[in-house]
Undergrad: 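This is the structure I want to talk about, given as C-alpha cells.
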Number of protein chains: 2
Amino acid sequence: METPMKTSLHPEDSLDEEPLWPATQHRPQQREAKRQAVLSAAAQLFNERGYHATSLDDIAARLGVSKPTLYYYVKNKEEILLGCVRQGLQLMLDGIEASRSAGGTALDQLTACMQVYARIVTQDFGMCLIRVGDEQISASNRAELRRIKAAIDHEFRRLVAQGVQEGSLAPCDPKMAAFVIGGALSWIGRWYQAGGEYSPEEVAQQCLKTLLAGVLRR
Amino acid sequence: METPMKTSLHPEDSLDEEPLWPATQHRPQQREAKRQAVLSAAAQLFNERGYHATSLDDIAARLGVSKPTLYYYVKNKEEILLGCVRQGLQLMLDGIEASRSAGGTALDQLTACMQVYARIVTQDFGMCLIRVGDEQISASNRAELRRIKAAIDHEFRRLVAQGVQEGSLAPCDPKMAAFVIGGALSWIGRWYQAGGEYSPEEVAQQCLKTLLAGVLRR
C-alpha cells in the first residue's frame, strides 16, 4: 500500500483545523492534492474494513486531521467512495489506452491489457473498485460507473474477437471469454494482500499464464 | 431464482401474526422449513439490493408477514446473512464431496467440482456468498466462514496438484491455478442474472472450457 499522504491536509498548511476562508485562499492544485490524500486514505480503510464499517472519523483519524477539515475536501462518504472507484476505473482506462497505443497483434494488446488490469486491482483504488460493490452508490452515479465498466469489458471482448480473427486465439464466444478473463483478474483484488507470499508481478504473471494457456497439459 | 417460499410463514399456519406459544406448539421441522423460507427471501433481496440496503421490513414484506413474525425465526439481520452464507458454503462442500465420491481421474473430479461451483454461484445462497463480502459479519463468525472457504480452496489445490501428477494438467503452482479457477467461477456470481442471455449450464460450460483449455489457439 502507498503512504496515505505526502501533503499536509490542513487548509493553508497551518495548524488551524478549521478553514476560515476556504474558497479564496487556496490554489486549486493544492486543494486537489489534498483531496487526493483523503481518497487514498479512504480507499485503504474501505479495503481493510469494508465501506460500511469505515466512518468519516476513521478517515480523519488516519490522516491526523479533524472531521471538519475533511468536509473541506469532500461532501460525504458516498462522494469519497465515488471518487475512489472513479480513480480505479480511470487507471484501467488509461492502462488499456496505453496498451493499445503500444500496438502489436491483438494477442500482444490483450496480454498488455490483462497485465495492466491485474496490476491495478492490487493497488488501493483498483482494489476498492473490486471490493466495494456498487450497490453502495446511488442509482444516478451507479449508471455512470456501469457505463465505464461496460467500456472496459467491451475492450476486452473486442481484443478477444480480434485475436480469434488473427488466429492467435482459439475460436470462442468473446463475451464469455472476456468474462472469464475479467473475473479471474478482478478476483485478485478480493484476496491479494500486500507484503504476502507473492509480489503483484508474480500474481499477474501466473494468472496470465493460466488464463492464456489453460490448466490442461498441451 | 427459486420461489421464495413454499410454506406459510405464520406460526401454526393461522392468520395470527404473533406467535403466542412459540416454543411448545411447533414441531421443529416446521419451524426449520419456515426459517429456510426467511433465509431464501433474504438471500434474494441481498443479491438484488445489497446487504445494507435490505431491511428486516423488506424481508418481512417480501414474505407477506410482519416483522414480529420474522423475529420468531431469526434474531437479527446478521444471523440471516450468516445463515445464507453457511448454506451457500454447505452446498459447495456437499457438491465437492459428491464429485469426489463419483471417482475418476483427478481431472474428472476437478471438472466436476468446477461444474458444481459454477452452478451454485448462480443460485440464491451461492450468489449471496459471493456478493456480500464477509466484512459484514462479526469477527468470530467470520473466522468460521473463512475456515470453510479455505477448505474448499484447499480441495481445488489438491485436485490441481494431483492432476499435474497424473499428467492431465500442465505443471503449475497449484495455489495460483486454484485462485484463477476459483476467481473466474466466483465472478459468475457477481454478474449472472437469471433469465438473461445464457442459462446457468451454458455459463458453466463456457467458463470451464476457457479455464481448462485457455484462450490461446492450440
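All of these numbers come straight from a predicted model, not from anything done at the bench.
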Undergrad: I need the residue from A/S168, A/A53, A/G163, A/G182 with the largest number of non-hydrogen atom pairs under 4.5 Å to chain B.
TA: A/S168
Undergrad: For A/F179 and B/W191, take the angle between the two ring planes, folded into 0 to 90°, and tell me which bin it lands in: parallel under 30, tilted 30 to 60, perpendicular over 60.
TA: parallel
Undergrad: Could you state the interatomic distance from CD1 (B/I181) to CH2 (A/W187), rounded to the nearest 0.5 Å?
TA: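 Reported to 0.5 Å precision, the distance equals 14.5 Å.
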Undergrad: How far apart are the closest heavy atoms of B/G167 and A/R217, and which atoms are they?
TA: O-NE, 3.1 Å
Undergrad: Please identify, among A/T210, A/L110, A/V180, the residue contributing the most non-hydrogen atom pairs under 4.5 Å to chain B.
TA: A/V180
Undergrad: Is any side-chain heavy atom of B/D173 closer than 4.5 Å to one of A/Y198?
TA: yes
Undergrad: Is it the backbone or the side chain of B/R131 that comes under 4.5 Å from a heavy atom of chain A, or both, or neither?
TA: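 Neither part, no heavy atoms under 4.5 Å.
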Undergrad: At a heavy-atom distance under 4.5 Å, which candidate from B/E197, B/H52, B/K175, B/R190 has the highest pair count against chain A?
TA: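 The candidate making the most pairs under 4.5 Å is B/H52.
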Undergrad: More than 12 non-hydrogen atoms from neighbouring residues, nucleotides or ligands closer than 6.0 Å to CD on A/Q205, yes or no?
TA: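 Result for CD/A/Q205: open.
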Undergrad: Hey, mind stepping through B/K209 and A/M176 against side chain to side chain contact (heavy atoms under 4.5 Å, CB included) and telling me if it holds?
TA: CA-CA 10 Å; B/K209 187 184 146 221; A/M176 287 297 303; over 6 Å; no
Undergrad: Could you tell me which of B/G183, B/S186, B/C172, B/C207 has the largest number of non-hydrogen atom pairs under 4.5 Å with chain A?
TA: B/G183
Undergrad: By a 4.5 Å heavy-atom criterion (distance strictly below it), what part of B/L208 contacts chain A: side chain, backbone, both, or neither?
TA: neither
Undergrad: Contact between A/L107 and B/L216 at the side-chain level, heavy atoms closer than 4.5 Å - yes or no?
TA: yes
Undergrad: If you count every heavy atom of other residues, nucleotides or ligands that lies below 6.0 Å from A/Q165 atom CD, does the total exceed 12?
TA: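 Count not over threshold, so no.
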Undergrad: So what's closer than 4.5 Å to chain B heavy atoms on A/R218: side chain, backbone, both or neither?
TA: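 A/R218 touches chain B through backbone and side-chain heavy atoms alike.
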Undergrad: Are any non-hydrogen side-chain atoms of A/V215 and B/V160 less than 4.5 angstrom apart?
TA: no
Undergrad: Heavy atoms only, distances under 4.5 angstrom: which of A/A184, A/G50, A/A177 has the most pairs with chain B? Name it, please.
TA: A/A184
